[in-house]
Every structure is written in structure tokens, then in C-alpha cells.
Amino acid sequence: MNTKLYCLVVVMDSFAFTPLPLLVSYLLLVLIAFLAVDLLARWRRRHRQLNAGRFAELTRDQQPLMVLYPRIVGKMCLGRLVHPGQLPPRWRRCALVVTPARFTAYAPALHHEIFTFTPDELQWVAVPDEVDRYYTTFWLHIERNREWFVLELRLYKNVNSLLMRAVKQFADSAEVGAERWRRRDLHYGPVRAEPAAQDIHGEWVLDEPVSLYLMPRFLVVLREGIVLRKIPLAVVQEITALRRLDEPSASGLVRFRAEEETLAFALDHYEDFAHILAEATHHHLEEALAQKQKKSDDWDERDDESPRPLALT
């Protein structure tokens, strides 16, 4: 027997001895409830058909590498698009469609594109050091039109391997860190800094302020959200934290070499930034020549003041 008809018979039997006006009211309520359930089922069926057509249109040209669709997997994928240095928006459910040519995050109904990028725009895939019982967080660093974005995704731990498998086919695994994604990556900033250079008299001349954003692959130099330069961490060496001798009360300097160029930036917490940069590049923090000379002079003074043995006659 049809389930709806059986339920209707049970309801009518339970109200066999109910007064007629009240019975009619109950029957009307039951009828309205059945109609509402039927309309909801029809709407969901139609919605799935529209989404299936939309999905077929999106993947018509290329076979998808990965599809995460909230109507199927529920809240397995949450996402938000972040600009470094700005307040992040709230998390929202999203659908992911990854093809060999494009990585796209959609609204759950596939009718609105949240963000999309190509393989050459993906700069890094990071797993921040966050402890969560159910989710794993991924940060996808993207540079597009000289702007830096971080697409943050939170996936259930039983589906996060799907994302990394798709990323390894989507982009160069070694370049974007997909081969070492289980390692926690270091991020710092953005912090305000001023590019510095010495004039012929040895005094430091500061340029217009920029923002320094340290991520696992680059030290990104930004100004008003625009990428001015990406310095690969692989070429950074000879990192030094300097106290300005010409203006001791001013902000200190972080100086380092990148290939054949020496760069320096003035910032408030210069020692902290220098230590973090040294950790990110796997180099030791070097001492400035003036500090080495001062230590050498201090040891010479100690040697001069140390007691000497008496000469025996």
C-alpha cells in the first residue's frame, strides 16, 4: 500500500470518534501537510535537475579532476577568499570543480562563481598549524592581475586527500608544495616596512612604505594590495638585523642578499622579523659588522683589564 495513503488511513481511524467540525479541521491540516511535503520534493527534484544541467555545462570541455558538491557531501567544504592584511570574511559552504585548466569555487547551487584561477596563477598550497577534530584547513595562495589572494578551504578529513590529488594534477607539485603538504608552513604578516638604502655618507634613506608578507615560497612585497615584487626564499641569504647607528631611536633594519642584490627594510619589530625570515629560509641569523667589532673591542678591554701573573726574580 502507498505510504501516504496508509498514513491517511491511520489518521482517519484515530479520529473516528472525533466531532465532525474538529475532524474536518484535522483532515485539512493533514492534507495541507501532505501537499507541502509533495511540493518540497518536487522543488528539490527540479533543483537537482537544474544543477545537473549546470554541472554538465561547466565540465563539457574537459573531464573534471575533482568535484565537491554540497548537495551531495553536505558541509564537507567551507571556503572564504582572503586578502592578506584585511579582515577575513565569514566561512560559507561552497562547491569545488577542478579541471586541468581551471580551479573554481562556486556557491552551493552552482549559479554563482566565488573565485576561479588557472594553474600558472597558483603559487602555493599550505596547511596552517590549526588543530580541528573534523576539518583540515588549506590555504591556496594565488596571484592574479598583480593582486595576492588566499583561498582558504576547510574540508572534512575524509575528503581532503581528494583535493591534494587534484592539485597534484592541476599544477606543478614541487612548485606549489603539494608534495610536502603534511608539513606545517610558516606565514607572517603583512607588516609595514620601508625600503632602505645607504647614501654615499653611510646614512640610511627610506622609501615609501610597503607591506611585507612572508609565505612558504616567497617574501611578497605589496603596496596598497598590489604585488611589487616576489622574492623567492630559496635565494635569500646573509640575513642581518641592524640597529641604525645614524638614528638609534628609529626603527631597526633587516638586511639580506637575494642572488646578486642586497636589500634592506626598516620596520618596528625588526629582530623578530629577521629571526622568522632566517627560520623560513633555513639560514642562521648573521651578526652585523658593527656588532662584531663592538664584541671584539669588549673582549680586548677585558683582556687588558685581566690580572697578569707576577714576574719571578
Side-chain angles (χ1 to χ4, degrees), residues 81-88 121 123-124 126 128-129 139-152 176-177 184-292 294:
L81 187 64
V82 179
H83 295 265
Q86 297 184 11
L87 188 67
E121 294 173 336
Q123 304 298 321
W124 194 259
D129 192 7
W139 289 4
L140 278 67
H141 291 267
I142 303 128
E143 184 191 8
R144 189 176 68 177
N145 298 330
R146 297 186 63 193
E147 290 188 77
W148 198 270
F149 303 91
V150 180
L151 180 61
E152 298 184 6
V176 302
R184 298 301 187 248
D185 290 321
L186 183 64
H187 294 78
Y188 188 79
V191 294
R192 185 181 183 275
E194 296 170 292
Q198 280 185 304
D199 59 14
I200 58 175
H201 303 291
E203 296 184 355
W204 290 99
V205 180
L206 304 183
D207 200 353
E208 295 183 13
V210 296
S211 297
L212 299 180
Y213 180 53
L214 181 63
M215 47 87 64
R217 185 181 176 189
F218 298 109
L219 175 61
V220 185
V221 183
L222 303 161
R223 178 175 288 155
E224 297 180 356
I226 303 299
V227 178
L228 299 181
R229 185 172 181 180
K230 297 183 302 183
I231 304 172
L233 296 186
V235 302
V236 174
Q237 55 185 340
E238 299 180 15
I239 305 167
T240 310
L242 300 172
R243 190 185 307 112
R244 292 184 59 180
L245 300 179
D246 55 342
E247 293 186 33
S249 60
S251 301
L253 298 164
V254 175
R255 185 177 63 188
F256 57 89
R257 287 185 60 82
E259 294 180 339
E260 300 300 324
E261 185 179 5
T262 300
L263 302 172
F265 295 91
L267 61 165
D268 292 335
H269 304 286
Y270 67 100
E271 292 180 327
D272 294 339
F273 186 83
H275 280 286
I276 294 174
L277 183 60
E279 180 183 352
T281 57
H282 307 288
H283 289 297
H284 293 291
L285 188 64
E286 299 190 3
E287 288 188 285
L289 182 61
Q291 295 174 356
K292 288 183 179 180
K294 185 177 185 304

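- To the nearest 0.5 Å, the span separating CG on Leu222 from CD on Glu147 amounts to 10.0 Å.
- A search for side chain to side chain donor-acceptor pair (under 3.5 Å) contacts involving Arg144 returns nothing, not counting sequence neighbours.
- Applying the side-chain hydrogen bond (donor to acceptor under 3.5 Å, both in side chains) test to residues at least two apart or on different chains, the pairs with a partner in residues 206-227 are Glu175-Arg217.
- Partners of Val235 according to the side-chain contact (heavy atoms from CB on, under 4.5 Å) rule, which considers only residues two or more places apart in sequence or in another chain, are Pro232, Ala258, Glu259.
- A salt bridge (Lys or Arg N to Asp or Glu O under 4.0 Å) check over residues 275-284, counting only residues at least two apart or in different chains, returns nothing.
- For the atom pair CE (Met215) and CH2 (Trp124), the distance works out to 7.0 Å, reported to the nearest 0.5 Å.
- Using bins of under 30°, 30° to 60° and over 60° for the plane-to-plane angle, the ring pair Phe218/Trp148 lands in the perpendicular bin.
- Looking at Leu228 and Val210, their side chains come closer than 4.5 Å, going by heavy atoms from C-beta outward.
- Among all heavy-atom pairs drawn from Thr281 and Leu233, the shortest one is CG2-O, 3.6 Å.
- Qualifying salt bridge (charged side-chain N to carboxylate O under 4.0 Å, His left out) partners for Glu152, counting only residues two or more places apart in sequence or in other chains: Arg80.
- Contacts of Asn145 classified as side-chain contact (heavy atoms from CB on, under 4.5 Å), with partners at least two apart in sequence or in another chain: none.
- Applying the side chain to side chain donor-acceptor pair (under 3.5 Å) test to Asp272 and every residue at least two apart in sequence or in another chain returns nothing.
- With contacts defined as side-chain heavy-atom distances shorter than 4.5 Å, the pair Thr240/Leu285 does not qualify.
- Separating the CZ atom in Phe256 from the CG atom in Leu219 is a distance of 5.5 Å, to the nearest 0.5 Å.
- Among residues at least two apart or in separate chains, ring pair (Phe, Tyr, Trp, His ring centres under 6.0 Å) pairs with a member in residues 258-278 are Tyr188-Phe273.
- Residues passing the side chain to side chain donor-acceptor pair (under 3.5 Å) test with Glu261 are Arg229, sequence neighbours excluded.
- Distance check, rounded to the nearest 0.5 Å: CZ of Arg257 to CG of Leu263 gives 9.5 Å.
- Summarising the geometry, atom CG belonging to Leu140 is positioned 5.5 Å from atom CG belonging to Leu151; distances are rounded to the nearest 0.5 Å.
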Show me, pair by pair, the donor-acceptor contacts under 3.5 angstrom made by side chains of residues 190-198, not counting sequence neighbours?
{"unit_1": "Gln198", "atom_1": "NE2", "unit_2": "Gly202", "atom_2": "O", "d": "3.1"}

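- In this structure, the side chains of Leu267 and Ser251 stay at 4.5 Å or more apart for every pair of heavy atoms.
- Residues Val254 and Leu212 have side chains not in contact (no heavy-atom distance under 4.5 Å, counting atoms from C-beta outward).
- Looking at residues two or more places apart in sequence or on another chain, you find no ring-ring contact (aromatic ring centres under 6.0 Å, His included) involving His283.
- Contact detail for Arg146 and Glu143: the closest heavy-atom pair is CA-OE2, 4.2 Å.
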